[in-house]
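Because the structure is a prediction, the values reported are computed rather than measured. Basis for what follows: all heavy atoms, side chains included, without hydrogens, waters or symmetry-related copies.
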Amino acid sequence: EFISLNKPTHLVDLGAGSGIIGLSLVSLFENVILVENSVAAMKIIKKNCSALKIKNVDLVNSDWLDRIDKKLLSVDSWILISNPPYVPALDKKMKQEFKVTYEPEEAIYSGLEGLDDFNTILEQLHQKVSQNMILPPQIAIFELDPRNINQGEKLYNQKFEGYETKIYKDPGGFDRLLVCKQLTMVN
């Protein structure tokens, strides 16, 4: 729904992990940029690209948007997606109870409120857009914790004007997806 309306040409997947989200959407874009700071995850992405014979993907080893600039993203029609770590650090005490042992902690927890990484992304995006290093995304989509998604929406609206924001529920009925569309794109 978000993608077909506006026909953006590029997708940037921040914190791509194994690349599953970006790679599953690769056929919809001229180019997909998968951004990941974990060397181990980058190896998995490369294996997945090879196994799927995907060519229109750029892999960038970066801390969020740190290494993204007009050399990589010289277009004005792009979508930003990110599933950053969003669980509040206080939930670490429940890690054993819920048997969350298969993912590294830095991929799960993000400060006291669970918004540290989200804030970093917003700060970097705001800085790069305001310094004309990149153009703003047509659409930004973030997966966040239901407990902090309303705060995330407020933070996005404070940083960026000209966007309509909407929160969508996950299959379990929890507020999970923050979608921010440029108003010029809203029908």
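One distance of note links CG of L178 with CG of L155; it measures 10.0 Å at 0.5 Å rounding. To the nearest 0.5 Å, atom CD1 of residue I33 and atom NE2 of residue H10 are 6.0 Å apart. Rounding to the nearest 0.5 Å places CG of L73 at 8.0 Å from CG of L135. Between the CD1 atom of I139 and the CD atom of E164 there is a distance of 10.5 Å, given to the nearest 0.5 Å. Atom-to-atom distance recorded for L80:CG and L11:CG is 8.5 Å, nearest 0.5 angstrom. Between E113 atom CD and R147 atom CZ the span is 11.5 Å, to the nearest 0.5 Å.
Listed by first then second residue, pairs satisfying salt bridge (charged side-chain N to carboxylate O under 4.0 Å, His left out) with a partner in residues 22-43 number zero, not counting sequence neighbours. For residues 51-61, the set of pairs meeting the salt bridge (charged side-chain N to carboxylate O under 4.0 Å, His left out) definition, not counting sequence neighbours, is empty. For residues 121-135, the salt bridge (charged side-chain N to carboxylate O under 4.0 Å, His left out) pairs, not counting sequence neighbours, are E123-K159. For residues 170-179, every residue pair satisfying the side chain to side chain donor-acceptor pair (under 3.5 Å) rule, not counting sequence neighbours, is listed here: Y86-R176, K169-D175, D170-R176. Each ring-ring contact (aromatic ring centres under 6.0 Å, His included) pair with one or both residues in residues 32-57, not counting sequence neighbours, would appear here, but there are none.
With S110 contributing its side chain and V87 its backbone, the two residues share no donor-acceptor pair below 3.5 Å. Checking side-chain atoms of R67 against main-chain N and O of V60 turns up no donor-acceptor pair under 3.5 Å. Side chain of S130 to backbone of H126: a donor-acceptor contact under 3.5 angstrom is found. Although no hydrogens or angles enter the test, the distance criterion places no donor-acceptor pair under 3.5 Å between the side chain of D13 and the main chain of L34. For N119 (side chain) and L115 (main-chain N/O), a donor-acceptor pair under 3.5 Å exists by modelled atom type.
The closest side-chain heavy-atom distance from I79 to P137 is not below 4.5 Å. Proximity of F174 to I149: side-chain heavy atoms (C-beta onward) are nowhere separated by under 4.5 Å. A heavy-atom distance below 4.5 Å is not found between the side chains of L23 and V32. Using a 4.5 Å heavy-atom cutoff, the side chains of V26 and V57 are in contact. Counting heavy atoms from C-beta outward, I45 and N48 have side chains that stay 4.5 Å or more apart.
Of all non-hydrogen atoms in P88 and Y109, the two that sit nearest each other are O-CD2, 3.6 Å.
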Audit row: T9, N31, side-chain contact (heavy atoms from CB on, under 4.5 Å) steps and yes/no:
CA-CA 7 Å; T9 61; N31 191 47; over 6 Å; no

Would you please test V12 and L72 for side-chain contact (heavy atoms from CB on, under 4.5 Å) and show each step?
CA-CA 10 Å; V12 176; L72 279 170; over 6 Å; no

Please determine whether side-chain contact (heavy atoms from CB on, under 4.5 Å) holds for the pair N150 and I167, giving the CA-CA distance in whole Å, both sets of side-chain angles, and the decisive distance to 0.1 Å.
CA-CA 8 Å; N150 290 314; I167 296 173; 3.2 Å; yes

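For Y163, the ring pair (Phe, Tyr, Trp, His ring centres under 6.0 Å) partners two or more places apart in sequence, or in a different chain, are Y156. Under the side chain to side chain donor-acceptor pair (under 3.5 Å) criterion, N83 pairs with E143, sequence neighbours left out. Partners of N37 under the side chain to side chain contact (heavy atoms under 4.5 Å, CB included) rule, at least two apart in sequence or in another chain, are D63. Here I20 pairs with S18 under the side chain to side chain contact (heavy atoms under 4.5 Å, CB included) rule; sequence neighbours left out. For Q127, the side chain to side chain contact (heavy atoms under 4.5 Å, CB included) criterion is met by Q131, not counting sequence neighbours. Partners of S82 under the side chain to side chain contact (heavy atoms under 4.5 Å, CB included) rule, at least two apart in sequence or in another chain, are L14, W64, P84, I121, F142. Under the side chain to side chain donor-acceptor pair (under 3.5 Å) criterion, N157 pairs with T165, not counting sequence neighbours.
No more than 12 heavy atoms of other residues, nucleotides or ligands lie within 6.0 Å of NZ in K46, so this atom counts as exposed by the packing criterion.
M133 and V35 end up in different hydrophobic clusters when Ile, Leu, Val, Met, Phe, Trp and Tyr side chains are linked at under 4.5 Å. I81 and I44 end up in different hydrophobic clusters when Ile, Leu, Val, Met, Phe, Trp and Tyr side chains are linked at under 4.5 Å. By the criterion of side-chain heavy atoms lying less than 4.5 angstrom apart, applied directly or through intervening Ile, Leu, Val, Met, Phe, Trp or Tyr residues, I54 is grouped together with L25 in one hydrophobic cluster.
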